[in-house]
Structure formats: structure tokens, C-alpha cells
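Report on one structure; see the data block that follows.
All chains are named by letter (A, B, ...) in the order of the sequence lines, taking the proteins before the strands, and each is independently numbered beginning at 1.
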Protein chains: 2
Amino acid sequence: MVFNGWLFEKTETLDQAAIRVLYHLTGLHNIYMEQLIVFSEVDRDPGDRTISVPYYALINIAEHNTELIEQYSAQWFNLSELPDLIFDHNDMVLQAIKRLQYKASIQPIGFELLPAKFTMRHLQKLYEAIMREGMDKRNFTKKINALDILVKLNEKDMESSKKGSFLYKFDQEKYLEKVSNGLVFKL
Amino acid sequence: MVFNGWLFEKTETLDQAAIRVLYHLTGLHNIYMEQLIVFSEVDRDPGDRTISVPYYALINIAEHNTELIEQYSAQWFNLSELPDLIFDHNDMVLQAIKRLQYKASIQPIGFELLPAKFTMRHLQKLYEAIMREGMDKRNFTKKINALDILVKLNEKDMESSKKGSFLYKFDQEKYLEKVSNGLVFKL
DNA sequence: ACAAAAGTGTTTCCTATACACCCATGC
DNA sequence: GCATGGGTGTATAGGAAACACTTTTGT
């Protein structure tokens, strides 16, 4: 989602301001966000000297509050159909994509973007979208299972096929335990 | 080197301000610098609301201007003997180390820290210092040579041993060509 | 019966690592 | 002649990538 946020207040950190703005726009809490580097070109905003600290967030498009988005005339775009943005905002988006790809390659960041229950195929499609490349489903499944941070449920999603495909959930507890034991995830 | 820089001016970017401050302190130009993430905790500076954008730079300790450093009472520290710094500045240093390790693992960033001519051993010692781990000299040499961005000179450094060890220089042209061909360096 | 997606193992290759000896020189 | 650091090659193991067929079920 592309949106040019507001200013931050004296009583909050930049992280808090980003969280606040995103909440106003989507009604969502507890969203993964990460700060990118500061944009401070003197003439980037022809009107005023403006220094911007962009953030990117992982928002499950199915979960946001449509009304709020519309109210502020924010909009969703497909990356492949990204329009020309104002000032240097296209650079910001590019930076966000690169950062996301890096992050996703060393952390199971993708789970933030899925519903609580999801299929292997959903997860793979998501990673393929982030990495902009196709992946072999056998190798993908192997890798994910090797991480041992998913729980396979006794339920199937019947939407996508006649056979149905098993649902999984992310095991946050296991994940945190592994991280605290110093494990680094490579995907 | 730990130094708490000055403010930036209306006429410069943050990058430019960082370059300017570093120049004042060391007399050095064309130094590799990278911006870290913004520190904006409301009470990080008990006196004033202060937002800091830390940078780390790669400075060859042999090349800086000692007088200037002293004039501003900046100081060099060994990382293993880092003192308690003011406010959240220790966090900044930690962040810089992590970032440097990452960068060094995917780009031949270490060359910035060496003189124009250096030995394989120098380079290895530098990487060992950055990564805080010992490396096998055969494997190290192999890796570096595989990158094919060094030129072996017909000169030897006679300081470190009786046999002497060959000097190399960094081939910036080759390096840039490889980068522009999309090659990613893994060290 | 067939179309459509799900699920599952093995082989191959390549990269990363471990490892030990000879060389040249100054003293 | 010996002590010091410099230089070099090979064997092995582990991880990544390539690859194809069977299963289930709705129509």
C-alpha cells in the first residue's frame, strides 16, 4: 500500500508514529514494520525542506479496513503496476522490496502475511511473490519442514482443489525458542 | 572511532553532513559510510528531544589525521575494550558491527580499510577481525581468488616475514564491471 | 474416466570445509 | 641450520537443485 504518512509527535518515537499512522489507515495492530534508510535530499520536496523516514509494513490485504483506506484515499497497488509516485517515493518502494527480499531470505517473515491457517501452496506462492521467482514445490516443502516451525493441522482447505490440501499454522513458540537458541533461518 | 557528531545544515543531506563531520575529524575524503537506523526514543537524551541518525564509516586507522582527532577529543577504541558510551550510543555501535558483518559477507567491503597495496594475510586478518572468527588461510585465499577482483603485484611486503609475502591491489574496474553484470559477492 | 491440484524421494552436482607439507629467507 | 611466516592442492561431507509419478476427488 502506498501512503504518504503524517508527521510524528513530540511524545512518540518514529516507530510509534509509523504504527499509529498505519492503525489510522487500516485499523490494524501488531503489524510487522521495519524502518528503511532516511531520505534527506535537500530538494526532494520542492516546497519545503523535508526529511522522510520511510517504513514498510506487511499487511494481509484480506484483513484491512477498506473504509479507512478510502477515507484517506490511500490505495493498494500491485508491484508490477506501480504508478509514478510523488518525489522520491518510487525509490522508497524499491528500497522496501530489496529489504523485504533480504529479510525473507533469513527469517520466516512471510507468515505475517498469511491468515492463521494456510496451506503449503499458499506459503510457497507468497515466497515466490516476494522473491519474484518460481520454486520447486518438493524442495520448498522440504526446506519449510526442515525449519520445524509449522504445525500440520488435521484440516484441509477445499477451496483450491478437489483433493483439498492440508492446513498448517505457524508455531510461534517453537520459532521463538529456536531464535533464542541462536538459530538463524535461511529460506 | 566513537564521536558524537554535530547537527546537519539546511543545505545538505544527512549523508553530506556525515561526510563533512568525518572530514573535520580526520581530514579524510572518500570514506565508505553507511547510514544505520534512526534512534528516536523520546527520552534517549534527557535534556532535549533528540533524533539521531548514526552512521558507521570504514577508516584506515593508519591514515587519519591525529591532530584533528585530539582537537575534538574524539578517541579510537578497540571493540573488545569499548567503554560505556552516553545515552544509547552503545546500541548504535552494536548495530554498526552487525551491519558491517552483514555487508562484509556479501561485498568486498574490507578493501576500504586497507592501504592500496596489501597482502593476502592482511586481508584475512581484517576479515577475521570483522567476523570475529578465525579462517583457514588456504580456503580464504581460494575464496578471494575466485572473486577475481585482485591483482597480484610483482612486489613483496618484507615487513611481516623473512620470506616476504606478495602484495595485491584491488581492481576496482573489474569489481565495478562484475557488479554491473549483476554479480553478488559472497565472502 | 478424466481433469486438476496435492503430495512425496532420490540422484546429482556443487560448494564449503577440513587438513599438512614444502618454500624462502634472515638470523 | 633453524626458526618464522608464506604459499599451495586434495579429499570429504553436506546442502541445494533437478527431476516424475501417484493420489484424491469433483464433475
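You'll find that the side chain of A/N139 is closest to C/dG9, out of C/dA18, C/dG9, D/dA20.
Using a 4.0 Å cut-off between a side-chain N of Lys or Arg and a carboxylate O of Asp or Glu, B/D157 and B/K117 do not qualify as a salt bridge.
Between B/L150 atom CG and D/dG7 atom P there is a gap of 13 Å when expressed in whole angstrom units. Atoms CD1 (A/I144) and P (C/dA6) sit 16 Å apart, rounded to a whole Å. Computed from coordinates, the A/K143 NZ to D/dG14 C1' distance equals 14 Å when rounded to whole Å. The distance from atom NE2 of B/H122 to atom C1' of D/dG7 is 15 Å, rounded to the nearest whole Å. Atom C1' of nucleotide C/dG7 and atom CZ of A/F140 are separated by 15 Å, given to the nearest angstrom. B/R121 places its CZ atom 14 Å from the C1' atom of D/dT4, with the value rounded to the nearest Å. Atom pair B/M135:CE and C/dT17:C1' shows a separation of 13 Å (rounding to whole Å applied). Between A/D136 atom CG and C/dA6 atom C1' there is a gap of 14 Å when expressed in whole angstrom units.
Scanning residues 154-166 of chain B for heavy-atom distances under 4.0 Å to DNA chain C yields B/K162, B/K163.
Taking the six-membered ring for Trp, A/Y175 and A/F111 have ring centres at least 6.0 Å apart.
A donor atom on one side chain and an acceptor atom on the other are found under 3.5 Å apart for A/R44 and A/S52.
B/R138 contributes a side-chain N or O that forms a donor-acceptor pair with the base of C/dA20 under 3.5 Å. A donor N or O paired with an acceptor N or O is found under 3.5 Å between the base of C/dA6 and the side-chain atoms of A/K137.
Heavy-atom neighbours of A/E41 CD from other residues, nucleotides or ligands within 6.0 Å: at or below the threshold of 12. The local environment of CG in B/N78 is crowded, with over 12 non-hydrogen atoms from other residues, nucleotides or ligands closer than 6.0 Å. No more than 12 heavy-atom neighbours from other residues, nucleotides or ligands sit within 6.0 angstrom of NZ on A/K98.
If A/K142 and A/Y168 are placed on DNA chain C by their nearest nucleotide, the residue sitting closer to the 5' end is A/Y168.
Side-chain N or O atoms of B/Q95 include one that pairs as donor or acceptor with a backbone N or O of B/I37 at under 3.5 Å.
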